[in-house]
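Just the heavy atoms: all of them, side chains too, but no hydrogens, waters or symmetry mates, feed the values below. All of these numbers come straight from a predicted model, not from anything done at the bench. Per chain, numbering begins at 1; letters A, B, ... match sequence-line order.
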Amino acid sequence: MAVKSIAPYEFEQKDTADKFPTPLLYIGWEDHKMFCAPFCAPMPPTMKFGDLVNGALPGMYGAHPDFARIDWDQAEWFMSGKPFTPDMDKTLAEHGLGHKSVIRFRTPGLTGLSGSCF
Amino acid sequence: MDMKATKKLGLKERYNLMTRDLAWNPSYQAVKDVFPYMEYEGIKIHDWDKFEDPFRMTMDSYWKYQAEKERKLYAIIDAFTQNNGHLGVTDGRYINTLKLFLTGVSPLEYMAHRGFAHVGRQYPGAGPRVACMMQSLDEIRHAQTQIHSLSNYNKHYNGFADWRHQHDRVWYLSVPKSFFDDAVSAGPFEFIVAIGFAFEYVLTNLLFVPFISGAAYNGDMGAMAFGFSAQSDESRHMTLGLEIIKFILEQDPDNLPIVQAWLDKWFWRGYRVLTLVAMMMDYMLPKRVMSWKEAWEIYAEQNGAALFNDLARYGIKVPKGWEQACKDKDHLSHQAWNVFYNYGAAAPFHTWAPSEKDMEWLSAKYPETFDKYYRPLWQHYAKEQAEGKRFYNGTLPMLCQVCQVPMFFTEPDDPTKVAYRESEYKGMKYHCCSDGCKHIFDNEPEKYAQSWLPVHQIYQGNCFPEDVDPTQPDFNPLAEVLRWYKIRQGEDNMDYADSPDKKNFENWRSQATGN
Amino acid sequence: MSNVFIAFQKNEDSRAIVNAILADNPGAIVSDQPAMVKIDVPGHLVVRKSTIEEEIGRAFDLQEMQVHLITMSGNVDETDDEFTLTWHQ
């Protein structure tokens, strides 16, 4: 369809990477909708994946009773919905994660409050 | 002498004399220059005189009846104020629905006023011009009457004072704001299909009946009065919307695919805005009118079916996304209230977990879904709160690029799975909450790449007060954002249980009934 | 056959209008709610000036109805004497 207009319609994208001090990453924990939506947080591309997991995630998700029970070795990871296996020592950039990338993790066996996926 | 009474003009003749017959075709300027927006959207109109306003309102009738509505309304507002009517509502929680209304809906009335004034000038046909002008006047009246009515609550309760400032800035208010900005920045034909038809006809009952009936059921005479006063204008608006869409479709068969595409887009955009109404009906009204599910069944499924059967003769189909909206009716309100429970620290109205009694009602109204999917969540929250650990989510959410709602919506066939939809445009990823929003993005990426998403704007550093100092050791970015929002910590926000509103309401009520 | 409907605020004037509608529309179903009364009729509904005038006991301009109207559903047609709602199906 594209925008119909009576004059040239050319406007800047509001969210290009250069406008942010740090690129954005979106993270969702499957089957834990107590956190109502995936998170949006600035994550430096040089951050190691392990630091994301051990440094950032506890603050984000620690309030949920399931969080303390996570066996990270069993966690399944997805990038834009496609499975991938993160290397805890490699950086986000090295995984191909950049501005506005979206990752999800699923923790098999943990399905939220009374199994309701909340 | 033989006195013959002259025959009065009929309604139709009076109407034509005062509208169409006062119009003219410009002869010293090109029609294209006087009406420059008429062609670029691809809509073809061959004969504007074929538009018939069924209400046949002339300006003299308009003034007369609108004046009567105003007199009645302000008498009620005065009485309500004089009588401390606010203490007659069922419970202080109810007042939070009015905060949602003033910040989210009243500014849209004003934008509708602007939008109809604009399109009313741009159409060459006298009939639609008059109808749009009246609607523009109606809409500013609605904005004014709502502000007047709710100003009484502002004298006594938090969360009302900065509605105008907040509409332009606060995260969840970008949902209604962007909806209307999208419409007024579209062409005149898209605007009228979007607002006049999709919003004011197809979806209007789902906005107004819950709020106004909610007011009536909860003892709020002030809001009820403005609600009914506005609704009486809405019938004219609904009629304009329906008549204009029939007119456009009858003018040229080439208009059908364009109109259908707009209907698909605007049904979906309007439905997403109604998320706020769904949660209001099921979770915020102490005395509930009916469930969102029931309202959807009456006003969308039954009434909508009747409407689309009627329009089928033009080739119009039920909007894309209709089926999904029907599937969602068992889930929408519960999931939406969870968003506001999560982010209760960042909204200028109070939130709370439903009580046992509330959950009994919810269970009865949602027999297949409430106990299975949602009761555990509310029970957990209640338990945490009782232990002094009321949950507040401290990390910002991912928002949909189009509807701008936090991405809480689930897959149509699996309410346990958050829906993620991704697009790419000019080398960057864009994310949407649903197929509906993704289609809208993919059709006009140039437009939605400009969305002012509150969460992204916060991270760009655009949401701080001027005197902010990030070098300070105690710099708390989220607290500074709240300051920029003019949300006063511990007054406007957080759980109802700890709020000054609750304390005051209960105190004043006991003073009003004792000595 | 889908229903058309019309809904009014509850007051003394609208009571006469509602009674007139019930008299003129045999298939009408009334739904009485706080502050609002809604009338559903399959396919077609007529509001007649002459019937209202009998009920209300004075001259009545049909457009006066708009002061009390809340919402409605169906294609509108209006003359000096009748206001109708219809689904063309």
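- Between atom OG of residue Ser5(A) and atom OH of residue Tyr40(B) there is a gap of 7.5 Å, rounded to the nearest 0.5 Å.
- Residue contact with chain A, scored on non-hydrogen atoms closer than 4.5 Å, involves the side chain of Leu453(B) exclusively.
- For residues 413-426 of chain B, the interface with chain A (any heavy-atom pair closer than 4.5 Å) comprises Pro415(B), Thr416(B), Lys417(B), Val418(B), Tyr420(B), Glu422(B), Tyr425(B), Lys426(B), sorted by residue number.
- Note that the CD atom of Gln335(B) and the NZ atom of Lys33(A) stand 4.5 Å from one another [nearest 0.5 Å].
- In this structure, Phe35(A) and Phe408(B) have side chains that are not in contact, with every pair of non-hydrogen atoms separated by 4.5 Å or more.
- Side-chain contact between Pro65(A) and His380(B) is present, with at least one heavy-atom pair separated by less than 4.5 Å.
- Shortest non-hydrogen contact noted between Pro397(B) and Cys40(A) is O-CB, 3.6 Å.
- Atom NZ of Lys383(B) sits about 9.5 Å away from atom CG of Leu113(A), to the nearest 0.5 Å.
- Residues Trp452(B) and Lys14(A) are in side-chain contact: their nearest non-hydrogen atoms beyond the backbone lie under 4.5 Å apart.
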Intermediate values then yes/no, ring-ring contact (aromatic ring centres under 6.0 Å, His included), Tyr373(B) and Phe118(A): CA-CA 8 Å; Tyr373(B) 295 106; Phe118(A) 271 99; 8.3 Å; no
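- Both the backbone and the side chain of Gln13(A) come within less than 4.5 Å of a heavy atom in chain B.
- At a 4.5 Å heavy-atom cutoff, Gln379(B) makes no contact with chain A through either its backbone or its side chain.
- Heavy atoms closer than 4.5 Å to chain A are found in both the backbone and the side chain of Met407(B).
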Give the C-alpha distance, both sets of side-chain angles, the deciding distance and a yes or no for side-chain contact (heavy atoms from CB on, under 4.5 Å) between His99(A) and Met428(B). CA-CA 8 Å; His99(A) 183 54; Met428(B) 191 155 77; 3.8 Å; yes
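- Of the atoms belonging to Glu10(A), not a single heavy atom falls under 4.5 Å from chain B.
- The line from SG of Cys36(A) to OH of Tyr343(B) is 4.5 Å long, rounded to the nearest 0.5 Å.
- Contacts between Tyr459(B) and chain A at a heavy-atom distance below 4.5 Å involve backbone atoms as well as side-chain atoms.
- Shown here for His456(B) and Tyr26(A), the closest heavy-atom pair between the two residues is NE2-OH, 2.8 Å.
- Smallest separation of non-hydrogen atoms from His431(B) and Val102(A): CE1-CG1, 3.6 Å.
- The 12-atom threshold is exceeded at NZ of Lys19(A), counting heavy atoms of other residues, nucleotides or ligands nearer than 6.0 Å.
- Chain A forms more heavy-atom pairs under 4.5 Å with one residue of Glu39(B), Gln460(B), Lys429(B) than with any other, namely Gln460(B).
- The CZ atom of Phe11(A) sits 10.0 Å away from atom NZ of Lys447(B), with the distance rounded to the nearest 0.5 Å.
- With Phe39(A) as the fixed residue, the side chain to side chain contact (heavy atoms under 4.5 Å, CB included) test singles out one of Val455(B), Asn393(B), Leu396(B): Asn393(B).
- For the atom pair Leu25(A) CG and Met398(B) CE, the distance stands at 9.5 Å (nearest 0.5 Å).
- Chain A forms more heavy-atom pairs under 4.5 Å with one residue of Glu384(B), Glu41(B), Gln457(B), Glu446(B) than with any other, namely Glu446(B).
- Within the 4.5 angstrom heavy-atom criterion, only backbone atoms of Ser451(B) (N, CA, C, O) approach chain A.
- Of the two parts of Thr111(A), neither the backbone nor the side chain holds a non-hydrogen atom closer than 4.5 Å to a non-hydrogen atom of chain B.
- Only the side chain of Tyr381(B) comes within contact range of chain A, with at least one heavy atom under 4.5 Å from a heavy atom of that chain.
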